[in-house]
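Okay, structure first, notes after.
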Number of protein chains: 2
Amino acid sequence: MTDRTLRPPAPTSADVARRAGVSRATVSYALNDNTTARVSEATRARVRAAAEELGYVPNFAARTLRAGSNRTVLLPTPDIPVGPLFSRFLIELQRGLVRRGYAVVQYGAGDRAPGGVEQARAWAELRPAAVFGANGLSDEAVRVLRGAGVRALVAVASAPVPGLHTLVLDHSRVGAAAVAHLAQRGCRRIGVVVPAEPELAVFAGPRLRGAREAAAAGGAHAEPVDLAYTEESAAELAGRWRELGLDGVFAYNDEYAMLLQRALQDAGLEVPADVAVIGADDLLLGRLLRPRLSTVRIELPGGAPLSEAIDRLVRGPGEEPEVVGEVAVEVEWRESTGRG
Amino acid sequence: MTDRTLRPPAPTSADVARRAGVSRATVSYALNDNTTARVSEATRARVRAAAEELGYVPNFAARTLRAGSNRTVLLPTPDIPVGPLFSRFLIELQRGLVRRGYAVVQYGAGDRAPGGVEQARAWAELRPAAVFGANGLSDEAVRVLRGAGVRALVAVASAPVPGLHTLVLDHSRVGAAAVAHLAQRGCRRIGVVVPAEPELAVFAGPRLRGAREAAAAGGAHAEPVDLAYTEESAAELAGRWRELGLDGVFAYNDEYAMLLQRALQDAGLEVPADVAVIGADDLLLGRLLRPRLSTVRIELPGGAPLSEAIDRLVRGPGEEPEVVGEVAVEVEWRESTGRG
DNA sequence: TTGAAAGCGGTACCAA
DNA sequence: TTGGTACCGCTTTCAA
């Protein structure tokens, strides 16, 4: 039984060359508008036509192998659903990078341990020019990636990571801003929602820490309260709110805040009179609540400056780790913490 | 001026071979646990150690080039922020595929026209085994991808696409389900929200079409109403609701529905007495409204069966286009359309 | 202006 | 059990 594949193999530059009656070199020159070797207009047209007719597409692997490098930026796909804020940020970043001639590849980890060598190896195989979002890497993982020639390793982290470039996004400042605001509005016993969903722990931890520090500084007390993203959990928490004796709450983000505020109201508590509520992310939906939800706005850098920074890091020989951007947070004061 | 790169080049299998005192072939055998060529335990250990010490990672491009193919599934990144529903779906699909040994690559289009040859070429360069989400491709684009040896082209579309495999997600059925429900609840003049955001037109169009068909079938009238995702737009629309004379509205999805319901209430209309409201997507937040928001639940297939189907298509020689899955929709009846 | 040929890194056949 | 080597497709130097 002949194992002849039904599908013909993809056309190569040799096929194009044959069809156009030129050499493979000429095909390469013609299609890449190479300036060093000047190809006549006539030949170029013949080559273009042949390529078109055959549906020729250059083989990325071969090109990469030959060139030795790769205008590819790797964005490790987060393994938790991302909110609209971050989703928009990624799209913008992607646009910026593509504009600068990079291919942007979001690479899924599957079940591999985040930050581990396994994952680093999977990334390193692709020999990307940069990895954006190289968070929580072990030293070994960094070594592997560096060894594979990755030019720029950019982490998104709360503080500059030694040896890496960093986009500073300090979640503790989100918690701090929220709780400072509550303390300033007169709250003394402040709940801090810690989502029960384990995949959110990486954000929830720092937010809680920041909240605690701000509470201490503002002469208030911060009390962690667990909350799962379900109506039942919210109702249960609201049910024992009076015995908790909390007069304010930072609810992790706007979605948890909306959930909790509704539950608190259903339990007969007045917002903000009995308990002030603040979220984070500045979702439009938070403004629809009554009272309108106060929130901590997180201002991610735009795609343009960030992609410019990445491009610079990739080209530049500079080895010094640098901070490629800083994320600002600001409180948006609305009715749920007593405005108006 | 010597252009010596500061960074040493990435170690190759030749480096490993040298260090372990064996040939490149043996390195390949040892590291890939090749069964045809049996390598002694001792050599294998030496090779492993050498690879480890050097931080060797095989070059994906070289491997791909040699193998001629690629266990890669391409997921074109949508260029609009995705909701939690679809985001979760993608993560699940990704997990499933990685488990089956595929590398999942989300590839951003940047500014390239969707469905065009440009885009197809960019994808084809990578020689992926499959493309999931190959929507709206021109014939030419399909030809290019086929020619590049892509085994499985799966579109997500409202109906089986001739020549492609399809995950059937018919947005018209979302609109139809919503409006049929409203008609059944007694609505006769039904508004159908059409988001002003142009990137949503691909979904809004079919939803409106389905809504119209269902209205006709239910003896009602469907009236498209424009709405941007801002409070101002919602207030403006709500302000002229009485003159529109609509007694029900399908608000495109839950987010627009929440926005509109709030605006309608602020304009003094009773939901559902004056106007019944239904969204889509079954977001948790919709349940927090008062009245609770009715919605159309969209049941995407799980990652496991879908990745199994993709795997089968990639391996299988079968050329017949097939439907790899069907998305069901179901109305979740709550208070905003009169339940309770 | 074009062609011949080397070589990128890894795999797999054939020989030893 | 291991080594030598051809080859995957493309780019680029050198020669013609």
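Residue numbering restarts at 1 for every chain, and letters A, B, ... go by the order of the sequence lines. Predicted model, so just to flag it, every value in this text is computed and none were measured.
Contact check, A:T43 against C:dT2: a side-chain N or O comes under 4.0 Å of OP1 or OP2. At C:dG3, one or more side-chain N or O atoms of A:T26 fall inside 4.0 Å of OP1 or OP2 (strictly under the cut-off). Note on A:T12: every side-chain N or O is 4.0 Å or more away from OP1 and OP2 of D:dG9. OP1 or OP2 of D:dC10 has at least one side-chain nitrogen or oxygen of A:S13 nearer than 4.0 Å. When the side-chain nitrogen and oxygen atoms of A:R38 are compared with OP1 and OP2 of C:dT1, one or more of them lie within a distance under 4.0 Å.
One interatomic measurement links the two molecules: CZ of A:R66 to P of D:dT13, which rounds to 8 Å at whole-angstrom precision. Taking atom CZ on A:R24 and atom P on D:dT11, their separation rounds to 10 Å, with Å as the unit. Taking atom CG of residue A:D33 and atom P of nucleotide C:dT1, one finds them 14 Å apart after rounding to whole Å. Atom C1' of nucleotide D:dC8 and atom CG of A:L65 are separated by 9 Å, given to the nearest angstrom. Atom pair A:R18:CZ and D:dG9:P shows a separation of 11 Å (rounding to whole Å applied). Rounded to an integer number of Å, the gap from OH of A:Y29 to C1' of C:dA4 is 11 Å. A:N70 places its CG atom 15 Å from the C1' atom of D:dG9, with the value rounded to the nearest Å. Atom CG in B:N32 sits about 17 Å away from atom P in D:dT1, given to the nearest Å.
A heavy-atom distance below 4.0 Å to DNA chain C is reached by none of the residues of residues 44-64 of chain A.
Atom-to-atom distance recorded for A:L97:CG and A:L306:CG is 7.5 Å, nearest 0.5 angstrom. Note that CG of A:L300 is 7.5 Å distant from CG of A:L167, once rounded to the nearest 0.5 Å.
Along DNA chain D, the nucleotide nearest to B:G21 and the one nearest to B:R127 differ in position, and the one closer to the 5' end is contacted by B:G21.
Residues B:R315 and B:D311 are paired through a salt bridge, judged by an N-O separation under 4.0 Å between the basic side chain and the carboxylate. Between B:R19 and B:D15 there is no salt bridge, since no side-chain nitrogen of the basic residue lies less than 4.0 Å from a carboxylate oxygen of the acidic one. Here A:R95 does not pair with A:E92 in a salt bridge; the nearest charged N to carboxylate O distance is not below 4.0 Å.
At a threshold of 4.0 angstrom between heavy atoms, the contacts of A:V22 are confined to the sugar-phosphate backbone, with no base atom among them. At the heavy-atom level, A:S28 lies under 4.0 Å from base atoms of the strands shown.
For the pair A:Q106 (side chain) and B:Q106 (backbone), a donor-acceptor distance under 3.5 Å is absent. A donor-acceptor contact shorter than 3.5 Å links the side chain of A:N70 to the backbone of A:R127.
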